[in-house]
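Input: a single structure, listed below in structure tokens.
These figures come from a predicted structure and were not determined experimentally. Values reported hereafter were calculated over all heavy atoms of this structure, with side chains retained and with hydrogens, waters and symmetry mates removed. We name chains A, B, ... by the order of the sequence lines, and we start the count at 1 in each one.
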Amino acid sequence: MNSNDFKRINPYLYEIPASYRADMRAPARFYADAELLRAALGDKSLDQLVNSATLPGIVAYALAMPDIHQGYGFPIGGVVATRVPDGVISPGGVGYDINCGVRLLGTRLNREDVAPYLDQLATQLQRNCPHGVGRSGEFVLNQKQMETVVRQGARWALTGGYATEEDLERTEENGVIAGADPAKISARAFERARDQLGTLGSGNHFIEVDVVDEIFDETAAARMGLVRGGVVAQIHCGSRGFGHQVCTDYVARFQRVVHQYGIVLPDRELVCAPLSSPEGQDYLAAMKGAANYAFANRQLLTHLIRRSFAETLAGAVDDHSVYQIYDIAHNMAKIEEHEVDGQRVRVCVHRKGATRAFGPGSPVLPEVYRDIGQPVLVPGSMGTASWVLVGTEGSMSQSFGSTCHGAGRMMSRSRAKKEVQGGELRRKLEDRGIRIRAGSLAGLAEEAPQAYKDVDRVIEVVHGAGIARKVARLVPVIVVKG
DNA sequence: ATGTCC
């Protein structure tokens, strides 16, 4: 594949026609500029995008966001909507980290308030928030409690005083997706995850403290309590070993039956089952359970962040309270209604490394955000900016209410580890005034900013294409990683 | 992403 295979629809959108390959059931569209197109041609992600356009029941087109990169079967940064009930659902279209997502927390503090306490705050955050591969935390659940988390998501955390009603209201789906069924989740998944709630994990997961660097939409920013120089905190993590095991289990189960449904796959990793099949329905119920676990996980991390702010700042500042701005998923499949060619259609929207971005007026948004559109949280690579956006009418009409999710990896983990020295990277970031707390220097090297695309460029594309609108740009002052 | 191979 090369750039000649693409038709340029507008300055921010390319298309591969369905005639490109005989097995495509729809065209493939890629939101990008010339440089991001060149970057994406460096791995298999665009071939994976074309593969995803062969799925039975696909509606309109397969979509790729500007931060696309290679994933399991599907590209990370892909959006595929399949028709209900005759389309398919694919675990690879969701990803191994089910409901990996981002939570943004606000404070009443500004940069000057926290400046003297940044080292102490960084240390407390690292101490309080368990991090690293396989790491367990202080919340150890029995089977019954786990099943409650599966059914209730972040709402489960109300009972222990780890959540407020406002936190839940300001979470996608109010922090709980209906229809989760613990009976569809394996004993092994439960065993792996019962001591992992309220833990960060590793890889690109992080907790950050950021300062608002620039405001682009005063009205929307004010609604979220964002002011220039204001301090916010960000959580990026997912469902830990729980979602991973659910995905593993269902990929194996789907592989055993996919041939029975007469589905021909260009890549084994694209394995799927009809939405109406027992396998499809069971996966959906299990995936919802893992998604609810992830919402609960980010909720408990919120509790630990509040504890860290209190321990560091109580008595030192007037108000150290931490409130929820929003929490979004970027690895999920959801049944939604969208308008396609003037018709309302029910579809299963697979968003893998893509964020829901519902526009103004959507009834699923909390009242405080209904007229500005859904907040969209886009973390950049380590040490670079992160963005707050809102969903638009354009995302609703063009991209099944979806937009990008991050900077997008450009260099493999192994290459980054070879080319980047973790200790040196940490020094460089610390020299720029960013407090780094990293569990592993090798892990830090894998997340080096040079291994990622330029998040500001990614944002220019989605903003320019109209599938999200800029609200605020954030820059980090503390980064905590596994 | 992931008890980075039950």
Side-chain angles (χ1 to χ4, degrees), chain A residues 43 45 48 67-78 90-103 130-137 140-141 146 185-207 235-253 269 286-287 289-291 293-295 297-298 301 328-333 350-355 379 381-382 405-418 422 438-448 451-452 480-482:
Chain A
D43 65 19
S45 57
Q48 293 183 324
D67 49 331
I68 184 178
H69 56 117
Q70 198 175 311
Y72 179 85
F74 289 66
I76 295 160
S90 175
V94 172
Y96 272 83
D97 191 2
I98 294 166
N99 188 7
C100 186
V102 182
R103 177 173 294 209
H131 47 88
V133 184
R135 185 67 190 274
S136 56
V140 181
L141 277 60
M146 279 294 288
I185 296 173
S186 69
R188 182 183 283 189
F190 280 108
E191 191 45 48
R192 271 180 81 167
R194 56 186 289 263
D195 61 357
Q196 289 190 328
L197 265 187
T199 68
L200 188 58
S202 65
N204 62 1
H205 290 168
F206 63 78
I207 288 170
I235 302 167
H236 176 217
C237 78
S239 49
R240 308 288 285 104
F242 200 53
H244 191 273
Q245 192 61 48
V246 167
C247 185
T248 302
D249 292 341
Y250 277 90
V251 164
R253 183 170 165 202
E269 294 183 357
M287 184 215 70
Y293 181 95
F295 282 132
N297 189 33
R298 290 196 289 275
L301 285 167
I328 52 93
H330 56 224
N331 279 0
M332 191 90 94
H350 299 70
R351 296 189 183 92
K352 180 187 192 178
T355 310
S381 51
M382 185 173 51
H405 89 304
R409 184 171 281 280
M410 196 160 54
M411 188 191 289
S412 71
R413 289 185 179 281
S414 52
R415 208 184 120 198
K417 214 186 298 196
K418 223 180 318 178
S440 127
L441 284 179
L444 197 73
E446 291 183 8
E447 296 304 316
Y452 283 83
V480 178
K481 296 191 66 70

Residues 196-206 of chain A vs salt bridge (Lys or Arg N to Asp or Glu O under 4.0 Å), sequence neighbours excluded, gives none

Any side-chain donor near an acceptor of the partner, A/H244 and A/D97, under 3.5 Å: no

To the nearest angstrom, the CD1-C1' distance between A/I98 and B/dT2 comes to 12 Å

Between A/E191 (CD) and B/dC6 (P), how many Å, whole number? 15 Å

Heavy atoms under 4.0 Å, any strand shown: does A/G241 hit a base, just sugar-phosphate, or nothing? sugar-phosphate

Let me know the distance between CD1 of A/I76 and C1' of B/dT2, rounded to the nearest Å. 13 Å

A/V133 or A/R409, whichever maps to the more 5' nucleotide of DNA chain B: A/R409

Just the rounded figure in Å: distance from P of B/dT2 to NE2 of A/H131. 14 Å

For the residue pair A/T199 and A/N297, confirm or rule out a side-chain donor-acceptor distance under 3.5 Å. no

Interatomic distance where CD belongs to A/E447 and P belongs to B/dT4 [whole Å]: 18 Å

For A/E446 and B/dT2, give me the distance from atom CD to atom C1', rounded to whole Å. 12 Å

Roughly how many Å is it from NE2 in A/H205 to C1' in B/dT4, rounded to a whole number? 14 Å

Residues two or more places apart in sequence or in another chain: which of them pass salt bridge (Lys or Arg N to Asp or Glu O under 4.0 Å) with A/R413? A/E446, A/E447

For atom CZ of A/R240 and atom P of B/dT2, their distance in whole Å: 5 Å

So, does A/S202 get its side chain near the phosphate of B/dT2, meaning an N or O under 4.0 Å from OP1 or OP2? yes

